S.K.: 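Before we start, here is the structure in question, set down as structure tokens.
Counting starts at 1 for both ligands and their atoms, following the listed order. Throughout, residue positions are numbered sequentially from 1 according to the sequence presented. The shown structure was predicted, so the numbers you read here are calculated from the model rather than taken from an experiment.
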Amino acid sequence: MPITKEQITEQLRKVNDPELHRDLVTLNMVKKVGYCDGIVSLTIELTTPACPLKDKIKADIEAALHALGDEIKTINIEFTAQVQQSPQSKAAQNNPVPGVKNIIAVGAGKGGVGKSTIALNIAVGLARAGASVGLLDGDIYGPSMPTLLGLAGMELKGHNNRFIPFEVHGIKAMTIGVMVEPEKPLIWRGPMAHGAFRDLATRTEWGTLDYLVIDLPPGTGDVPLTMSQILPLTGAVVVCTPQKVAQDDARRAVRMFQQLDIEVLGVVENMSYFIGDDGKEYDIFGRGGAETMAQEMGVPFLGTVPINMALRRNSDAGDPTSNFTRDPKLCKELDAVVRNLAGQISVHDMNTQYLQPTISIT
Ligand code: ADP
């Protein structure tokens with residue numbers, strides 16, 4: 001008896017998505033099954049183009065199908081991706097950004113830990129994987145995106161009283177930095193900061209996006225509170241350097257998000273270590289500190305990024321793409337952070353039952 005498509009589908013019921021812990025058929029990820037003369041053709045729809053476990057899923061499918069016997073000679077798998085809309089976005093009333101499926105805030109306990117750098121590289125990395133991505137520079141006190149994105153000389157455009165985002169490095173981007181003189185201090189009183197952030201977030205023509213990454217100001221001030229009130233967030237990422245003092249600040253950032261009912265999707269350890277000209281790795285700040293902190297706080301750890309001169313140079317030159325094209329080791333490390341985050345977002349979107357956030361001010 002030749003193998004049937006039904007038998008193949010039954011085998012696929014035995015393959016679990018390693019992060020979602022349910023089988024591919026139940027998760028509705030199997031979009032096409034074809035079989036002819038020993039050749040299986042499958043279309044598998046992933047929950048993100050930056051899926052961190054695509055190779056494992058592929059290997060598990062191959063093992064499950066080869067278990068049907070020698071008749072199967074070739075397995076062709078086409079992977080597609082459809083990013084889910086977060087439960088928060090679906091449930092939001094008067095959602096100011098209805099076309100944005102997931103909003104991810106990137107925060108840090110204090111300045112200078114590389115929060116903006118990581119936010120930008122997450123955005124560019126997700127876009128390079130094939131997602132549609134926006135980046136909002138919500139660091140309204142010290143907007144660095146004009147430099148990091150290389151926006152010098154570009155003109156801000158508007159339409160119908162709305163901002164048109166810049167399209168650079170494969171992403172859409174908006175920053176208050178293009179509206180002010182670079183060297184002038186931005187002094188906001190609480191309500192002004194609230195208004196400026198609200199305007200940027202809600203009056204930008206984001207269109208349809210899989211992910212909108214928001215670079216928050218450092219610390220635990222007004223902007224995260226405003227953000228949580230006006231935007232339906234999927235979750236937050238906390239950037240931290242490994243030292244003990246940095247961890248203490250990062251803990252406060254994690255707790256702030258938790259108090260605002262924003263899930264912490266993970267911690268990134270930036271400036272984790274340094275590779276010298278001798279090829280040796282130096283743990284300048286005590287590598288692993290942020291990972292330990294994440295474990296202690298019960299939040300995922302997304303990965304490490306070393307101190308890397310090219311990363312600093314590319315940032316100053318407004319050329320984030322080179323981080324992914326020139327230095328394979330740096331690319332691998334950034335990509336791991338990007339993919340682990342995309343995986344956590346998918347898990348969140350599949351598993352979370354939406355609860356209306358409540359803010360208690362004491
Ligand atoms: P924050 O947003 O936390 O204030 P930035 O992202 O602006 O920090 O980074 C501060 C400075 O450190 C920038 O000059 C940036 O290029 C540099 N930097 C950040 N991360 C790294 C890294 N891993 N290796 C080298 N330089 C880095």
S.K.: Just to confirm my output: which protein heavy-atom neighbour is closest to atom 24 (N) of ligand 1, and how far is it?
M.R.: Asn308 N, 2.9 Å
S.K.: Do you see a donor-acceptor pair shorter than 3.5 Å between the side chains of Glu263 and His348?
M.R.: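 Looking only at side-chain atoms, His348 and Glu263 do form a donor-acceptor pair, the distance falling under 3.5 Å.
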S.K.: Looking only at side-chain N and O atoms, does Ser346 offer a donor or acceptor that is under 3.5 Å from a partner on Thr48?
M.R.: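 Distance-only check fails for Thr48 and Ser346.
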S.K.: Mark up the atoms of ligand 1 that fall under 4.0 Å of a heavy atom belonging to Ser315, in ascending order.
M.R.: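 Taking each heavy atom of Ser315 in turn, ligand 1 has 16 (O) under 4.0 Å.
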S.K.: Under a 4.0 Å N-O cut-off, is there an ion pair linking Glu78 with Lys32?
M.R.: no
S.K.: Between Arg252 and Asp249, does any side-chain N to carboxylate O distance fall below 4.0 Å?
M.R.: yes
S.K.: Just going by heavy-atom distances, which of Ala108, Pro218, Ser116 is nearest to atom 2 (O) of ligand 1?
M.R.: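 Going through Ala108, Pro218, Ser116 one by one, Ser116 has the nearest heavy atom to atom 2 (O) of ligand 1.
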S.K.: Could you check whether atom 11 (C) of ligand 1 has a protein contact, counting only heavy atoms that fall below 4.0 angstrom?
M.R.: no
S.K.: Any idea which atoms of ligand 1 are less than 4.0 Å away from a heavy-atom of Lys115?
M.R.: 1 (P), 2 (O), 3 (O), 6 (O), 8 (O)
S.K.: Can a salt bridge be assigned to the pair Lys101 and Asp349 using a cut-off of 4.0 Å between side-chain N and carboxylate O?
M.R.: no
S.K.: Answer yes or no: is there a side-chain heavy-atom contact under 4.5 Å between Tyr211 and Thr234?
M.R.: no
S.K.: Provide, to 0.1 Å, the distance between atom 18 (N) of ligand 1 and the closest protein heavy atom, together with that atom's residue and name.
M.R.: Met271 CE, 3.9 Å
S.K.: I'd like to know if the side chain of Ser132 and the backbone of Asp210 have a donor-acceptor N/O pair within less than 3.5 Å.
M.R.: yes
S.K.: With side-chain contact (heavy atoms from CB on, under 4.5 Å) as the test, pick out the partner of Asp17 among Met350, Lys56, Met29.
M.R.: Met29
S.K.: Within ligand 1, which atoms have a heavy atom of Pro306 less than 4.0 Å away?
M.R.: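 Checking each atom against Pro306, I get 22 (C), 23 (N), 24 (N).
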S.K.: Select the closest option to atom 20 (N) of ligand 1 among Asn270, Asp316, Thr117, judged by heavy-atom distance.
M.R.: Asn270
S.K.: Identify the closest protein heavy atom to atom 4 (O) of ligand 1: which residue and atom is it, and at what distance?
M.R.: Gly112 N, 2.8 Å
S.K.: Mark whether atom 22 (C) of ligand 1 lies under 4.0 angstrom from at least one protein heavy atom.
M.R.: yes
S.K.: N/O of Val113 under 3.5 Å from N/O of ligand 1, yes or no?
M.R.: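 Val113 vs ligand 1: N/O contact under 3.5 Å present.
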S.K.: Just to confirm my output: which protein heavy-atom neighbour is closest to atom 8 (O) of ligand 1, and how far is it?
M.R.: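 Checking every protein heavy atom, the shortest distance to atom 8 (O) of ligand 1 gives Gly114 N, 3.1 Å.
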S.K.: Got a salt bridge between Arg251 and Glu296, using NZ or NE/NH1/NH2 to carboxylate O under 4.0 Å?
M.R.: yes
S.K.: For ligand 1, which atoms sit closer than 4.0 Å to a heavy atom of Leu311?
M.R.: 21 (C), 22 (C), 23 (N), 24 (N)
S.K.: Looking at atom 26 (N) of ligand 1, what's its closest protein heavy atom, distance included?
M.R.: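 The answer is Arg312 CB, 3.5 Å.
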S.K.: Considering only heavy atoms of Ile307, which atoms of ligand 1 have at least one such atom less than 4.0 Å away?
M.R.: 23 (N), 24 (N)
S.K.: Taking the side chain from Gln247 and the backbone from Pro242, do they hold a donor-acceptor pair closer than 3.5 Å?
M.R.: yes
